[in-house]
Amino acid sequence: MEATIHRRWCRKLMTVRVRFSPAPTGYLHVGGARSALFNWLYARNRGGTFILRIEDTDADRSEPHLIEAIHDSLTWLGIDWDEEVRQSDRFDDYRALAADFVARDLAYYCGCTRDDLVGRVGENAGYDGHCRTLGLEPGEGRAIRFQTPDTGTIGWDDLVRDRVEFENSVLEDFIIVRSNGVPMFHLANAYDDAEMKISHVVRGEDLVNTTPRVLLLMAAMGVTELPTYAHLPLIVNEQRKKLSKRRDDVAVGDYRDKGYLPEAMRNYLLTLGWGPKDNIEIRPIGEIIEQFDLVDINKAPAFFDVKKLDHFNGEYIRMLSADDFVEASLPHVVDQFPAADTEVYARLAPFVQERVARFEEAPRFVDWILGDAPEPEEKDWRKVMGKDHVPSVLDAVIDRLPSTDWEPKALESLVLGVGQELEVKSQLPVRLALTGRRSGVPLFEPMVELSRDVVLRRLEQARGKL
RNA sequence: GCCCCCAUCGUCCAGCGGCCUAGGACGCCUGCCUUUCACGCAGGUAACACGGGUUCAAAUCCCGUUGGGGGUGCCA
């Protein structure tokens with residue numbers, strides 16, 4: 001009870017400020033999206049501030065248009081940010097800090113190249129401190145290194161991994177300003193987290209190793225209120241390796257293009273590393289915000305399972321109103337059938353809605369109405385049309401079609417009636433002749449969108465091929 | 001090599017010393033619904049990596065082993 005009250009108090013007193021810090025070196029991928037999501041959820045849960053901080057210190061690899069792309073993906077996912085900063089706007093601050101470190105003998109200029117170092121200590125060793133005591137002046141090819149302690153340990157209480165500790169002796173003197181004068185990520189990171197009063201640093205596990213350096217830097221800055229860290233488990237591929245932009249299909253924008261709903265993506269991403277106590281996975285974002293807490297995050301890496309994403313997406317698609325479904329799926333249909341009649345598609349859409357997991361699947365359910373029927377697969381044709389009764393079924397249907405009312409019920413009783421008379425299943429051959437497929441949306445309701453002539457022609461064509 | 005981390009069904013999550021003959025979800029399988037497919041519904045399949053402790057009691061705590069991952073850049 002007391003603990004609960006204490007917690008409540010702390011919640012109120014502590015201002016949560018979190019940040020998502022992507023480097024604009026590529027499109028937003030699912031791993032980054034999940035980091036953003038967890039930060040955002042925590043901020044929203046605590047009534048805190050969610051900041052987007054673009055870490056574009058590496059000018060060679062950062063591309064401005066990618067910042068826009070990150071904005072778009074975040075916005076698409078419904079993740080809104082309260083403040084935005086770019087590290088490239090703050091270089092002077094970082095450089096001033098580095099200069100201060102040098103002045104206080106906490107950092108020094110270093111003229112060693114990678115080759116120099118490898119020549120001295122080999123491939124696998126870190127920096128050997130060669131320039132530590134040389135008292136080098138600034139100059140061409142001189143970077144600034146931060147001097148790490150040789151003894152003792154540094155560690156922190158991680159919200160997801162508990163206590164993490166490093167021996168200072170394994171930390172090499174690392175570069176904080178490149179020889180071209182551009183500050184490095186650790187420096188910018190430490191400065192910004194302190195200056196922006198970041199309360200919780202929530203990021204991927206691949207960054208744990210950089211944390212001791214940032215902590216050292218903050219200590220050197222005299223920061224007393226250190227942020228609380230939470231290192232998220234990685235999202236991995238089928239080989240259990242960290243998702244890679246090169247190897248894996250992970251750009252958030254690609255999922256949008258394939259016809260995933262942002263709500264589904266966001267909901268699915270959430271289940272990677274976190275689960276609600278009551279086991280209900282698919283639920284409104286409000287409930288998720290209410291339940292979310294960093295301390296409940298899992299430690300183990302999670303596999304990005306597109307099959308499960310598809311299931312989530314299907315569920316969300318089915319939750320859409322009929323109109324919303326038409327609106328969302330129409331672009332995918334129009335993409336393949338530019339001349340498609342929207343009214344016709346809207347009448348077909350309800351049948352499509354309960355059959356697709358992604359909007360990109362929509363066209364193939366209606367292609368036989370909006371365009372020509374696809375050529376049937378060889379094995380489907382054999383299996384369906386190879387039966388002895390098929391010619392008589394088709395003949396009977398063709399025979400009676402001209403005098404049938406052009407509405408679903410009449411067409412249904414015509415086709416099924418033929419089947420009953422001949423005591424065979426009559427729908428399949430008609431379906432294959434009309435749609436080119438053995439399965440799909442219901443046959444008779446959509447069928448009336450076709451003209452009597454077209455239906456007759458397709459039927460006769462199939463009959464001719466027997 | 002060195003440093004850090006992880007380990008419950010094939011996959012994701014629940015479990016935080018007794019409610020566990022381990023629960024939910026995806027997948028897969030079966031049945032119902034339906035003269036297609038799907039949706040829906042009802043079932044089923046399947047896991048505490050291993051070995052030592054601690055304890056009256058361990059999936060839950062400790063140690064080790066094995067396996068896996070991350071890092072080791074003048075990238076972030």
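Below, each value reflects all heavy atoms present in this structure, side chains not excepted, and no hydrogens, waters or symmetry copies. Order of the sequence lines fixes the chain letters, A, B, ..., with proteins taken first and strands second; residue numbering starts at 1 for each chain.
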Does the [N] base have a donor-acceptor partner in the side chain of [X] within less than 3.5 Å?
X: A:Arg431; N: B:U36; answer: yes
X: A:Glu205; N: B:G71; answer: no
X: A:Thr271; N: B:C13; answer: no
X: A:Lys308; N: B:C12; answer: yes
X: A:Asp206; N: B:G71; answer: no
X: A:Lys299; N: B:A7; answer: no

Nearest-Å distance once atom P is located in both B:G69 and B:U11 = 14 Å
Using a cut-off of strictly less than 4.0 Å, decide whether [X] has a side-chain nitrogen or oxygen near OP1 or OP2 of [N].
X: A:Asn298; N: B:A7; answer: no
X: A:Thr57; N: B:A76; answer: yes
X: A:Lys277; N: B:G15; answer: yes
X: A:Lys242; N: B:G71; answer: yes
X: A:Arg178; N: B:A76; answer: yes
X: A:Arg240; N: B:C12; answer: yes
X: A:Arg114; N: B:G73; answer: yes

request  = Check the side chains of A:Asp173 and A:Tyr108 for a donor-acceptor pair under 3.5 angstrom, ignoring hydrogens and angles.
outcome  =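 Their side chains do contain a donor-acceptor pair, which is all the 3.5 Å distance test asks for.
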task = Please determine, by modelled atom types, if A:Asp249 and A:Tyr255 share a side-chain donor-acceptor pair under 3.5 angstrom.
result = no
ask   = Checking all strands, does A:Leu416 fall into the base, sugar-phosphate, or nothing category for heavy-atom contacts under 4.0 angstrom?
value =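 Contact class for A:Leu416: base.
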request  = Sort out the partner of B:U60 for me: Watson-Crick or G-U wobble, both distances under 3.5 Å, none otherwise.
outcome  = none
query = Just by distance, do the side chain of A:Glu63 and the backbone of A:Leu66 share a donor-acceptor pair under 3.5 Å?
reply =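 A pair under 3.5 Å: no.
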message = Can you tell me which nucleotide in B:A76, B:A7, B:A38 comes closest to the side chain of A:Ala300?
response = B:A7
message = Can you tell whether the side chains of A:Arg382 and A:Glu377 come within less than 4.0 Å, N to carboxylate O?
response = no
